[in-house]
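Numbers restart at 1 for each chain; the letters A, B, ... are given by sequence-line order, proteins then strands.
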There are 2 protein chains.
Amino acid sequence: MTTSTLDQTVAARLEAGGIRYTSARRAVVAALSRSVGPCSAAELYDEVGGAVPLSSLYRTLNVLEEAGVLVPHFGARSVTRYELADWIAGHHHHVVCTVCGRVEDIDVPEHLEARVGEVVEALAGLVAFSPEDHTLEIEGRCSSCR
Amino acid sequence: MTTSTLDQTVAARLEAGGIRYTSARRAVVAALSRSVGPCSAAELYDEVGGAVPLSSLYRTLNVLEEAGVLVPHFGARSVTRYELADWIAGHHHHVVCTVCGRVEDIDVPEHLEARVGEVVEALAGLVAFSPEDHTLEIEGRCSSCR
DNA sequence: TTCCTTGCAAACGATTTGCATTGGA
DNA sequence: TCCAATGCAAATCGTTTGCAAGGAA
């Protein structure tokens with residue numbers, strides 16, 4: 001998705017909720033769209049060159065999360081990372097490097113995702129659980145830390 | 001696994017690393033073995049009736065994690081939960097209730113786990129990643145919050 | 001004008017650490 | 001005995017909030 005298309009998509013979503021799409025919010029969405037994986041507030045702060053102070057950044061993240069534009073990711077001790085929601089960025093899973101800590105997205109080919117879905121349904125059935133979503137994370141060493 | 005067997009298993013592991021298996025550490029391991037899902041430091045603090053002060057509890061958790069007895073779980077904003085490592089408690093996955101926030105373990109039947117493993121290998125291959133472990137979490141509503 | 005958003009500084013909660021004391025092999 | 005483990009209090013760090021100022025509709 002190009003940045004301008006992304007911007008329009010997000011803009012539409014926010015307008016539908018009566019939420020302004022301000023420059024700080026645009027900056028965060030743009031920064032996330034550039035990233036290869038979820039970003040923490042601190043990382044985004046750097047990415048936007050300090051243009052948005054941390055407190056505003058956190059507020060921005062919360063607004064975008066409530067609007068369903070972003071999704072939080074709790075993959076490491078003590079920091080929450082955010083990424084664009086699946087309906088925007090597409091459904092995907094993560095690989096987490098146990099050495100450098102980096103989190104990267106994996107776009108899952110349909111035939112594999114179908115198998116994940118089957119397993120999820122089967123497992124949820126075992127514990128009388130109504131599955132709404134799922135996350136699969138693979139820990140290991142990334143190609144740089146091999 | 002009975003508590004005494006568990007205790008012996010953990011004791012052996014710690015001794016092998018020259019680490020003492022003190023009463024505080026025993027209390028934490030016992031509390032976790034009673035739990036149906038991962039516990040935060042605060043939850044464990046309550047579970048042991050305040051017998052281990054929080055600072056010591058955190059140190060205990062770190063020691064046991066480094067020894068490979070516990071594994072951290074980052075499933076919710078701002079708290080880290082711990083559980084017994086897979087080699088002790090058996091490999092399993094989690095269901096997270098989006099309503100009450102509870103995390104529960106699912107023991108995965110072998111045939112399903114095999115399928116998860118295949119998908120993990122396939123995905124890791126796509127991004128030149130050496131998989132060491134994986135976690136599958138299912139979000140949804142538990143039977144109580146249906 | 002009116003309500004939403006922002007920036008700054010102070011507040012918070014989870015976790016860590018310094019230091020003196022205690023306890024187990 | 002002697003070093004690791006503990007307890008307490010203070011320090012950190014990520015995150016949130018109160019409040020006054022700035023901006024868009």
Side-chain angles (χ1 to χ4, degrees), chain A residues 7 10-11 13-31 38-67 69-83 101 103, chain B residues 7-8 10-31 38-67 69-83 101 103:
Chain A
D7 243 28
V10 173
R13 176 82 167 215
L14 294 185
E15 271 170 37
I19 300 163
R20 290 185 200 155
Y21 195 23
T22 64
S23 60
R25 293 169 189 174
R26 281 173 200 276
V28 167
V29 168
C39 294
S40 66
E43 287 161 351
L44 289 168
Y45 179 79
D46 289 344
E47 183 67 27
V48 301
V52 183
L54 270 176
S55 63
S56 300
L57 200 32
Y58 278 110
R59 276 194 272 236
T60 297
L61 291 170
N62 287 331
V63 167
L64 293 175
E65 183 188 351
E66 272 164 41
V69 172
L70 302 187
V71 165
H73 173 258
F74 311 105
R77 205 187 296 266
S78 290
V79 276
T80 302
R81 287 168 201 277
Y82 286 85
E83 61 187 349
V103 180
Chain B
D7 243 29
Q8 288 168 17
V10 173
R13 176 81 166 216
L14 294 184
E15 271 170 36
I19 300 164
R20 291 186 197 155
Y21 194 24
T22 65
S23 60
R25 291 168 191 176
R26 282 173 199 275
V28 168
V29 169
C39 294
S40 67
E43 286 161 353
L44 289 168
Y45 179 78
D46 290 342
E47 183 67 27
V48 301
V52 182
L54 270 175
S55 63
S56 301
L57 199 33
Y58 278 111
R59 276 193 272 235
T60 297
L61 292 170
N62 287 332
V63 167
L64 293 175
E65 182 188 351
E66 272 164 41
V69 172
L70 302 187
V71 165
H73 173 258
F74 312 105
R77 205 189 297 264
S78 290
V79 274
T80 302
R81 286 168 203 277
Y82 286 86
E83 60 187 349
V103 180

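- Legend: residues meeting salt bridge (charged side-chain N to carboxylate O under 4.0 Å, His left out) with B/E43, ordered by chain and number and at least two apart, are B/R81.
- Taking five base pairs at each end of the helix from C/dT1-D/dA25 to C/dA25-D/dT1, the local helix axes there meet at an angle of 30°, rounded to 10°.
- One finds a side-chain N or O of A/Y58 lying less than 4.0 angstrom from the OP1 or OP2 phosphate oxygen of D/dT15.
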Do nucleotides 4-9 of chain C as a string where each nucleotide becomes B, S or -: B if the base has a protein heavy atom under 4.0 Å, S if just the sugar-phosphate does, - if no protein is that close.
BSBBBB
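- A pairwise comparison of heavy atoms in A/V48 and A/A31 identifies CG1-CB, 4.3 Å as the closest pair.
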Report the C-alpha distance between B/L44 and B/T60 in whole Å, list the side-chain angles of each, state the deciding distance to 0.1 Å, and finish with yes or no for side chain to side chain contact (heavy atoms under 4.5 Å, CB included).
CA-CA 11 Å; B/L44 289 168; B/T60 297; over 6 Å; no
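- One can place CD of A/E65 at 12 Å from P of D/dT15, the figure rounded to the nearest angstrom.
- Within the structure, every pair that satisfies the salt bridge (Lys or Arg N to Asp or Glu O under 4.0 Å) test and touches residues 45-58 of chain A, not counting sequence neighbours, is listed here: A/R34-A/E47.
- The salt bridge (charged side-chain N to carboxylate O under 4.0 Å, His left out) test applied to B/R20 returns no partner, not counting sequence neighbours.
- If you take CG of A/L54 and C1' of C/dA11, they are 16 Å apart, rounded to a whole angstrom.
- Between the OH atom of B/Y58 and the CD atom of B/E65 there is a distance of 13.0 Å, given to the nearest 0.5 Å.
- Residues that satisfy the side chain to side chain contact (heavy atoms under 4.5 Å, CB included) test with B/Y21, not counting sequence neighbours, are B/D7, B/V10, B/A11, B/L14, B/R25, B/R26, B/V29.
- Atoms OH (B/Y45) and P (C/dT15) sit 15 Å apart, rounded to a whole Å.
- Atom P of nucleotide D/dT15 and atom CG of A/L57 are separated by 10 Å, given to the nearest angstrom.
- Summarising the geometry, the separation between CZ on B/R26 and C1' on D/dA5 is reported as 14 Å, rounded to the nearest angstrom.
- Between the CG atom of A/N62 and the C1' atom of D/dT15 there is a distance of 9 Å, given to the nearest Å.
- In this structure, A/A67 and A/R13 approach most closely via the heavy-atom pair O-NE, 3.0 Å.
- Minimum interatomic distance between A/L57 and A/A41 (heavy atoms only, all atoms of both residues): CD2-O, 3.5 Å.
- Rounded to a whole Å, the OH atom of B/Y21 is 14 Å from the P atom of D/dA5.
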